[in-house]
K.L.:
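Quick one: structure below, then a few questions.
Each chain gets a letter, A, B and so on, in the order the sequences are listed, and its residues count up from 1.
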Protein chains: 2
Amino acid sequence: MGETARWLTPEEQHAWRSFIRLQERLGGRLARLLQTDSGLSGADFAVLVHLTDVPDGRQRYQDLGRALEWEKSRMSHHIARMAGRGLVVREECAEDARGAFVVITDAGRAAIEAAAPRHVEAVRELFLDHVTPAELRVLAQLSERVVSKLDDDRP
Amino acid sequence: MGETARWLTPEEQHAWRSFIRLQERLGGRLARLLQTDSGLSGADFAVLVHLTDVPDGRQRYQDLGRALEWEKSRMSHHIARMAGRGLVVREECAEDARGAFVVITDAGRAAIEAAAPRHVEAVRELFLDHVTPAELRVLAQLSERVVSKLDDDRP
DNA sequence: GGGTGTTCGATGAAGTGTCAACCACGTCTA
DNA sequence: TAGACGTGGTTGACACTTCATCGAACACCC
């Protein structure tokens, strides 16, 4: 007996499903808002935010990839698309001829400056405004703990 | 003064980022596990689970789409791919000649029966085991509340 | 110096999701 | 009953992500 896996209790099942649902709905809604009223995807947004936080708006693919936790292939494809739209440019790297830099353009800065306030407002209206500070603390703690376990587990 | 949007407080910023990170990491990890050791995507899994919970493993596109909260286009594309792999079949509908049914096949049942225990175990090991029952309750409540606000807002 | 192995990034293919347009069938109404 | 409208599902184009593979450049070590 007992070779069957432990199934979820009703509470666990319910909590897990609610959580998944929250991710799908909230993520979808925020992505759609960002796209329709700023022309950026969540990924574009993340790249641009990061580049504005870095000296000269300029960083190696490698380092940007690490910061965003993106695979190098994803970096390459995505930056190529963003470069096609003029949000960033690719620059050769003198010190290491294999490498390259991603550099934010003026258009990229303009895009993120226009998008950020709206996005923050959306995060407030759709999420933060409906969560108490205590709940938010619980969420943050739990998130960090689970992520750090994931990191321990398999790098 | 004050035309600038309310920015996030450091606590809000931190909580929000941790939460996003959790979603990306946990979701990615679970998806990869499911894919590599059962050959199913999360979407495949959701479809098959739902079909096993329904009489004769058979449901209208429409109803399945509503249950999963998928757009009809997504249904059509995804079911076509799953049918190509033999997990489900499409069946014409006698009562309404426009409509169609999605029906799980034996291969589909076999796939989900093999995948489900592993997936549940993964959800436990990667998530539930690191969250207290109290935290889980908070998460569930908060998720439901936010989702219901999203529903109120714009259908 | 000349392997040997490693790192950086590019590339192509395949699966996924969204949007917009479309078609075929049903329903309602004048 | 004919025309208008609504509904169920399909299709094609495009954006995004992952995977596997590749070529070029670097680093180490004999």
K.L.:
Which listed nucleotide (dA25(D), dT11(D), dT11(C)) is nearest to the side chain of His77(B)?
P.N.:
dT11(D)

K.L.:
Could you check whether Arg25(A) pairs with Asp151(B) (Lys NZ or Arg NE/NH1/NH2 to Asp/Glu carboxylate O, under 4.0 Å)?
P.N.:
yes

K.L.:
Rounded to the nearest Å, what distance is computed from the CD atom of residue Gln35(A) to the C1' atom of nucleotide dC16(D)?
P.N.:
11 Å

K.L.:
Between Leu34(B) (CG) and dT18(D) (P), how many Å, whole number?
P.N.:
15 Å

K.L.:
How close or far is atom P of dT18(C) from atom CZ of Arg29(A), stated in whole angstroms?
P.N.:
14 Å

K.L.:
For Leu40(A) and Arg66(B), take the nucleotide of DNA chain D holding the closest heavy atom to each; which residue's nucleotide lies nearer the 5' end?
P.N.:
Arg66(B)

K.L.:
In sequence, state the C-alpha distance, the side-chain angles, and the governing distance for Arg66(A) and Asp63(A), and then conclude on salt bridge (Lys or Arg N to Asp or Glu O under 4.0 Å).
P.N.:
CA-CA 5 Å; Arg66(A) 224 186 314 279; Asp63(A) 300 328; 3.6 Å; yes

K.L.:
Distance check needed: dA13(C) C1' versus Arg81(B) CZ, whole Å only.
P.N.:
15 Å

K.L.:
Tell me: CD of Glu71(B) to C1' of dA21(C), nearest whole Å?
P.N.:
14 Å

K.L.:
Tell me if the side-chain of Ser73(B) makes a donor-acceptor pair with the base of dT11(D), cut-off 3.5 Å, by modelled atom types.
P.N.:
yes

K.L.:
Return the 5'-most residue of the pair Lys72(B), Ala94(A) with respect to DNA chain D, ranking by each residue's nearest nucleotide.
P.N.:
Lys72(B)

K.L.:
Would you mind checking if Arg145(B) and Glu135(A) are paired as a salt bridge, meaning a charged N to carboxylate O distance below 4.0 Å?
P.N.:
yes

K.L.:
Regarding Lys149(B) and Asp129(A), does a basic nitrogen lie under 4.0 Å from an acidic carboxylate oxygen?
P.N.:
no

K.L.:
Closer than 4.0 Å, any side-chain N/O of Arg74(B) to the OP1 or OP2 of dG17(C)?
P.N.:
yes

K.L.:
For Arg32(A) and for Asp96(A), locate the closest nucleotide of DNA chain C by heavy-atom distance; then report the residue assigned to the nucleotide nearer the 5' terminus.
P.N.:
Asp96(A)

K.L.:
Could you tell me how far apart Asp63(B) (CG) and dT7(D) (C1') are, to the nearest whole angstrom?
P.N.:
13 Å

K.L.:
Under 4.0 Å between a side-chain N/O of Ser76(A) and OP1 or OP2 of dG9(C), yes or no?
P.N.:
no

K.L.:
Run the side chain to side chain contact (heavy atoms under 4.5 Å, CB included) check on Leu142(A) and Val138(B) step by step: do they pass?
P.N.:
CA-CA 11 Å; Leu142(A) 155 185; Val138(B) 170; over 6 Å; no

K.L.:
Quick one: which of dT11(C), dC16(D), dG9(D) gets closest to the side chain of Asp44(A)?
P.N.:
dC16(D)

K.L.:
Any side-chain N or O of Ser41(A) under 4.0 Å from OP1/OP2 of dA15(D)?
P.N.:
no

K.L.:
Under 4.0 Å from OP1 or OP2 of dT10(D): is there any side-chain N or O of Arg98(B) that close?
P.N.:
no

K.L.:
Go through dC25(C), dG9(C), dT17(D) for me and flag the one nearest to the Arg90(A) side chain.
P.N.:
dG9(C)

K.L.:
How many Å lie between CH2 on Trp70(B) and P on dT16(C), as a whole number?
P.N.:
9 Å

K.L.:
Would you mind reading off the distance between Glu92(A) atom CD and dG9(C) atom C1', rounded to a whole angstrom?
P.N.:
10 Å

